[in-house]
Amino acid sequence: MIDKQCKSAAEAVEGIEDGAVILVGGFGQTGEPMDLLDAIAAKGLKDLTIVANGGGSGEHGIGRLLAGGCVRKLVCSFPRVPGSVAFEELYEQRAIELEIVPQGTIAERVRAGGAGIPAFYVPTGAGTELGEGKEHREFEGRAFVMEHAIKGDVAVIKAERADRWGNLSYRLSARNFNPVMAMGAELTIAQVEECVPLGGMDPETIVTPSIFVDRVVEIPDGVSNG
Amino acid sequence: MADGLTRNQMAWRLGRDIAEGSYVNLGVGIPLLVLDHAPAGREIIFHSENGVLGMKPKDEADGIRPDDLTNAGKQPVSLVPGAAMFHHADSFIMIRGGHLDIAVLGAYQVAENGDLANWRLSGAPTAPAVGGAMDLAAGARNVWAICEHNGRDGAPKIVRECTLPLTGPRSVNRIYTDLAIIDVTPDGLVVREKIEDLSLEGLQARTAAPLSLANDWRPLEAPEL
């Protein structure tokens, strides 16, 4: 019998190693898998690369990983928000490497990684400093820049509902990056608010099919549930 | 000096120009005020980069947890009937793929050729943050910039060439300010509307790129809000 359910956040994040590239879902605090990220921070890992939209805020989730000195590099579009204290301190001390990527380009680079596409061209960033140093090519008279896929060792995501196979559905805009990150990593770990019996999810409402998901942990009242 | 519009009045005025049936993205800052002042009775579908089509201002009675549904500025919003949710890659397919009719973006500077600078101040010690601005500038069919005509120090935001890092080259079609509505055209900047008491010379003195006045220009007006 397939059962991807774990008993705790700590069990769900077992086996993640120093130096891992971790894809993280969420947009602001919405859909950020904070309980899983807190469990990763508790392991005291080093030299992680975090790929996410933002740089975390407050004392949980990405904010905790940053404050705990676990992160060597942050790949994101928008690191500065109210409460992103941990990131800003590290940035001031030059203690973190920052790669700023346009938001849609992060989404597409991760999607490409999951889709088996090594690189692609976008108009985004052409003629700006974020396009500098990248291969340019003209199509139909317009400049495009080549972007490379991002592949994660681990994806850490949040969903509303799962079954024991790891099928997932989401809650409104808490979906955001989560289904994209789920497709882009070797090991995808989802925290969910509710696990339902197999067959309890309408196939038409499943957004992330189980093939993309390796581990599920039910955390009904975690710090990321508002 | 003639009084200009408030930020809410600027957003109200821009909203009058959005045609029924348009799919429209609103950037953070003044652009998001357009949501609060959209024309009543006109079906306009507002897109949010974080995976929403059909947002409206937050209605506390909707029963949605504030953290479950936000706009690009991470503020709670509500949904209109017919709204749809999708993930980030699909959201930016809509943006980059030319499916949006209009992106309304804030601006630090707009150049006379439509170059937009709105993401980074030169020499700022804080970390850069781009969000979805470059995707929107590159991908929306029309980009309308909305900003105060001059910065707090009086410096014009409409310039011959941007001195700040670009968000996108030749992106902006139209500029809404507290003093005027200006089209970016192959023949230069054309003033469609301006504060009635402000002469073209007065407006030109607050603008660092040449302006011409449309023959059929109208007074820029908005109700008290």
Side-chain angles (χ1 to χ4, degrees), chain A residues 25 27-31 53-55 57 74 76-82 84 87-88 91-92 96 98 100-108 110-112 114 122-131 142-143 160 170-183 207-208 224-226, chain B residues 28 48-52 55 62 64-79 83 85-98 115-117 119-120 122 124-139 162 164-171:
Chain A
F27 183 85
Q29 301 201 345
T30 300
N53 186 59
S57 60
L74 178 64
C76 74
S77 85
F78 212 87
R80 265 188 300 114
V81 292
S84 59
F87 167 77
E88 285 165 55
Y91 188 80
E92 260 173 45
I96 189 162
L98 176 66
I100 290 290
V101 181
Q103 191 172 155
T105 298
I106 297 184
E108 195 63 15
V110 173
R111 196 194 74 83
V122 285
T124 314
T128 78
E129 65 181 55
L130 294 188
R142 189 172 182 200
E160 184 180 37
Y170 300 87
R171 176 90 188 131
L172 298 169
S173 75
R175 180 182 309 194
N176 59 61
F177 272 96
N178 285 298
V180 185
M181 300 310 193
M183 296 187 287
V207 174
T208 297
S224 52
N225 292 348
Chain B
V28 296
S48 193
E49 63 190 15
N50 50 319
V52 188
M55 65 172 174
D62 70 0
I64 295 174
R65 294 184 304 195
D67 278 356
D68 281 343
L69 184 63
T70 74
N71 61 26
K74 283 98 175 174
Q75 300 147 332
V77 288
S78 291
L79 298 176
M85 315 301 304
F86 36 88
H87 63 58
H88 249 87
D90 282 353
S91 183
F92 281 80
I93 284 173
M94 296 175 194
I95 292 173
R96 198 190 307 102
D115 284 0
L116 172 67
W119 73 288
R120 185 174 197 187
S122 299
T126 47
V130 69
M134 286 191 184
D135 307 271
L136 287 158
C162 293
L164 294 169
L166 288 193
T167 305
R170 297 177 181 273
S171 313

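Every chain is numbered from 1, with letters handed out A, B, ... down the list of sequences.
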Options [options], ranked by heavy-atom pairs under 4.5 Å with chain A, top entry:
| options | value |
| --- | --- |
| Gly132(B), Gly51(B), Ala137(B), Gly168(B) | Gly132(B) |
| Val52(B), Asp115(B), Ile95(B), Thr126(B) | Thr126(B) |
| Val130(B), Thr70(B), Leu136(B), Leu166(B) | Val130(B) |
| Ser91(B), Ser48(B), Ala72(B) | Ala72(B) |
| Gly131(B), Ala89(B), Pro128(B), Ala83(B) | Gly131(B) |

Examine distances only and state if a side-chain atom of [X] and a backbone atom of [Y] form a donor-acceptor pair shorter than 3.5 Å.
| X | Y | answer |
| --- | --- | --- |
| Asp135(B) | Gly104(A) | yes |
| Asn178(A) | Gly31(A) | yes |
| Asp90(B) | His87(B) | no |
| Thr105(A) | Gln103(A) | no |
| Arg96(B) | Thr124(A) | no |

Under 4.5 Å from a heavy atom of chain B, the part of [X] involved:
| X | value |
| --- | --- |
| Val207(A) | neither |
| Ala126(A) | backbone |
| Tyr170(A) | neither |
| Tyr91(A) | side chain |
| Arg175(A) | side chain |

Quiz prompt | Options Ser173(A), Ala107(A), Ala143(A), ranked by heavy-atom pairs under 4.5 Å with chain B, top entry | solution =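 If we count pairs closer than 4.5 Å to chain B, Ser173(A) comes out on top.
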Self-check item: Options Pro123(A), Gly131(A), Ala174(A), ranked by heavy-atom pairs under 4.5 Å with chain B, top entry
Solution: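 Counting heavy-atom pairs under 4.5 Å, the top option is Pro123(A).
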Quiz item: Looking just at side-chain N and O atoms, do Ser77(A) and Asn53(A) make a donor-acceptor pair shorter than 3.5 Å?
Solution: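 Yes, a side-chain donor-acceptor pair sits under 3.5 Å.
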Quiz prompt | Intermediate values then yes/no, side chain to side chain contact (heavy atoms under 4.5 Å, CB included), Leu79(B) and Met85(B) | solution = CA-CA 10 Å; Leu79(B) 298 176; Met85(B) 315 301 304; 4.2 Å; yes
Quiz item: Under a 4.5 Å heavy-atom cut-off, does chain A meet the side chain of Pro125(B), its backbone, both or neither?
Solution: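 For Pro125(B), the contact with chain A is made by the backbone alone.
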Quiz item: Of the backbone (N, CA, C, O) and the side chain (C-beta and beyond), which part of Arg170(B) lies under 4.5 Å from a heavy atom of chain A, both, or neither?
Solution: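 Neither the backbone nor the side chain of Arg170(B) comes within 4.5 Å of chain A.
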Practice problem: Only counting residues at least two apart or in another chain, list the ones meeting salt bridge (charged side-chain N to carboxylate O under 4.0 Å, His left out) with Arg111(A). | Solution: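 Glu108(A).
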Self-check item: Residues forming a side chain to side chain contact (heavy atoms under 4.5 Å, CB included) with Gln75(B), sequence neighbours excluded
Solution: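 Gln75(B) satisfies side chain to side chain contact (heavy atoms under 4.5 Å, CB included) with Leu32(B), Asn71(B) only.
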